[in-house]
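Beneath this line is the structure, given in structure tokens, with notes to follow.
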Amino acid sequence: MTSTSPVLPPEGAPPVAGGADTGAFRRQMDEVVSRIPMHAIRSVLEAVEGEAPANGARARHLRDALVDHFNRLRPMKARRLFTGLFEPFLVDDQILYRAPEAVPALIQRVDMGGIWGALTQLAFPGLAAEVQSRLDDMARVAMLDVVLASPQAMELREAMRKEALEFLVRLTADRKAMDRFLALANEEALHDARLRTQYLGRKAPIDGDLLGFVRALLEHNSLLVPLTERMRRDIEEIRAGAGAGAESHPAEVDGQSALMVGFVRRVRDLGVAFRDEAQVLAWFAPLYGLNVKRRYDVFLRHVREHGGPAVRESHPLLRALLCHFHAAGATVTEVVDGMFGDIDIRDGGVLSIGGATRELLDGAVERFDRAATALAGTGFLANRSTGPAIRAQLAAVAQALTGTVMPALAARLQAAMTARHTPVPDQADIVWLLELVCRWGRYLGNAGYANPELKSLRLYAVETGRVAFIQAMKAEEHEKPAHRMAHLLRIRRLMGAMGENADPWISPVSQGLHRVVHAYLDQVETIAEEEWRVIDAFVASIRSELARSRNWQSAEYVAVLRLHEARTR
């Protein structure tokens with residue numbers, strides 16, 4: 001269903017007064033509602049409520065079906081209500097799943113799910129069941145979003161907040177109970193995390209420090225939530241005011257850095273608990289910018305200008321940045337091992353990289369570079385205590401590139417360039433991976449880990465591409481021009497992924513390419529943009545040749561020039 005307007009049965013539909021007819025009508029409404037996209041349900045509901053006086057019982061039945069359908073897809077109502085206490089602080093960062101330890105001031109959604117599961121078993125099972133039951137009753141007549149914002153729901157959430165806070169305070173004095181709670185929470189969180197991401201071996205554990213941060217948020221919830229919402233809005237306003245693409249611009253970084261300084265002061269004005277600089281709460285604002293907004297440049301500025309001499313290895317700011325760096329490195333190596341673990345390229349295997357894997361590996365490589373840049377900017381890359389671990393991670397990521405990715409890519413690259421008649425099945429994967437590898441190599445070079453194997457791969461790829469491009473220009477009499485053009489474009493895309501231009505290889509004396517270009521200009525009605533680039537490059541080579549040889553003109557060259565001028569005029 002593409003429209004968001006309600007479709008009520010016509011007036012001649014069966015009446016809704018009788019029990020059997022009412023049941024049939026409701027089933028009909030359920031079928032109609034099941035076709036409405038979830039994002040459109042609210043607007044449809046508003047339209048139905050506007051129709052209620054005119055359509056009476058039919059509008060009420062449709063409204064009930066809409067509410068039931070929306071709420072049925074959100075069964076864990078008590079959990080949703082409780083985690084609303086932490087909503088401004090929650091993230092779902094698949095890269096940070098792989099941090100070596102819990103990241104200071106970071107609460108993953110999966111971790112909050114694990115903590116909720118342990119609380120419902122050990123802290124307030126009776127209260128959780130009661131809240132769920134009451135929310136189910138309330139949601140029978142109203143949308144869940146409205147129910148969760150009602151005064152009755154706020155009272156229930158406050159009761160759960162107090163119970164959870166009291167339980168976590170008691171938990172700190174009982175080591176065995178703490179271990180049991182963490183085991184339950186981590187089991188649930190790991191299970192949930194593995195459903196959300198690929199190639200996850202281990203996950204950053206929920207530990208006592210993370211529970212301490214959760215306890216602090218429960219205790220100071222009424223103070224921190226409004227402040228965090230204000231900080232989020234101000235960050236977005238600065239970015240919007242700087243204009244599109246202005247992130248990391250010096251003026252924009254200056255504004256964000258000044259904002260962080262102001263919020264650090266406002267947080268510390270909240271009370272004594274927020275002034276201990278050895279604790280996470282004192283640095284909540286810059287950690288929010290790093291963990292939630294991923295502003296490594298602003299975080300680096302804050303550490304260098306406002307962290308002071310107290311920023312050591314155990315400092316929350318450095319611990320968080322190191323966790324980001326090691327998590328990005330671990331993600332790169334785990335995804336690469338997972339991608340190539342079951343593929344034997346030498347035995348005819350091909351790449352098969354799904355969209356989720358591309359996004360994860362792309363993000364990990366980018367975050368790895370940004371975190372490494374921030375660490376180098378703070379001086380910790382050269383530090384005697386932190387430097388060795390950082391360099392070991394850099395070496396591991398470089399080894400994944402050299403030992404795993406590049407040999408497989410070289411084999412598939414040659415197959416893609418020499419596939420004369422039909423593209424290899426993983427052509428798009430090869431183009432994407434080649435671009436990523438070149439970017440990855442630049443990042444390692446910036447960190448002092450320049451890769452000679454990557455330079456060799458580049459030289460090999462360029463030479464292979466040049467030979468393949470020259471062969472691709474040799475069109476046989478029986479070959480269709482579209483097939484030759486498609487092969488040329490495939491090679492151009494591979495070269496473009498490395499930042500190389502194939503146009504200098506185009507020769508005006510290539511009879512095969514001359515036939516292809518002439519056929520396109522003379523016979524093809526719609527020429528794609530990429531095809532125009534090849535044609536324009538060939539025409540430019542003809543003009544250059546004619547300008548060089550002024551004493552004669554080829555009739556074939558002139559014919560192509562006239563066709564080109566006629567098509568582009």
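Computation of the quantities below employed the complete heavy-atom set of this structure, encompassing side-chain atoms and omitting hydrogens, waters and symmetry-equivalent molecules.
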Can I get a per-line list of side-chain donor-acceptor pairs under 3.5 Å for residues 434-442, giving both atom names and the distance, sequence neighbours left out?
residue	atom	partner	partner atom	Å
Glu435	OE2	Arg439	NE	3.4
Arg439	NH1	Glu366	OE1	3.4
Arg439	NH2	Asp362	OD1	2.4

Whether [Y] and [X] form a salt bridge (side-chain N of Lys/Arg under 4.0 Å from carboxylate O of Asp/Glu) is what I want to check.
X: Arg412; Y: Asp429; value: no
X: Arg202; Y: Glu334; value: no
X: Arg109; Y: Glu87; value: yes

State whether the side chain of Asp192 and the backbone N or O of Glu188 hold a donor-acceptor pair below 3.5 Å, judged by distance alone.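 Pair absent, no side-chain N/O of Asp192 close to backbone of Glu188.
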Do you know the tightest heavy-atom contact between [X] and [Y]?
X: Ala185; Y: Ile115; answer: CB-N, 4.0 Å
X: Leu488; Y: Ala472; answer: CD2-CB, 3.6 Å
X: Ala398; Y: Asn451; answer: O-ND2, 4.1 Å
X: Ala102; Y: Ala204; answer: N-CB, 4.3 Å
X: Met473; Y: Ile506; answer: SD-CA, 4.0 Å
X: Pro104; Y: Pro316; answer: CG-O, 3.8 Å

Of Asp92, Thr197, Thr331, Asp111, the residue whose pairing with Tyr97 passes side chain to side chain donor-acceptor pair (under 3.5 Å):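 Answer after filtering Asp92, Thr197, Thr331, Asp111: Asp92.
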Let's go through Val336 and Met339 carefully: what are the C-alpha distance in whole Å and the side-chain angles of both, what is the deciding distance for side-chain contact (heavy atoms from CB on, under 4.5 Å) to 0.1 Å, and is it a yes or a no? CA-CA 5 Å; Val336 165; Met339 277 172 44; 5.5 Å; no
If I take atom CG from residue Leu401 and atom OH from residue Tyr443, how far apart are they, to the nearest 0.5 angstrom? 13.5 Å
For Phe89, give me all partners under ring pair (Phe, Tyr, Trp, His ring centres under 6.0 Å), at least two apart in sequence or on another chain.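 Result, ring pair (Phe, Tyr, Trp, His ring centres under 6.0 Å) vs Phe89: Phe284.
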Please list, chain by chain and in numerical order, all residues satisfying ring pair (Phe, Tyr, Trp, His ring centres under 6.0 Å) with Phe213, sequence neighbours excluded. none
Non-hydrogen side-chain atoms of Leu457 and Leu454 separated by less than 4.5 Å: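 Yes, side chains in contact.
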Do Arg515 and His518 have side-chain N/O donor and acceptor atoms under 3.5 Å apart? no
Arg391 and Tyr449 side chains, donor-acceptor separation under 3.5 Å: no
Chi angles and distances behind the side chain to side chain donor-acceptor pair (under 3.5 Å) call for Arg484, His487: CA-CA 5 Å; Arg484 288 296 85 238; His487 190 197; 3.2 Å; yes
Picking from Arg492, Arg466, Arg533, what satisfies salt bridge (charged side-chain N to carboxylate O under 4.0 Å, His left out) with Asp503? Arg492
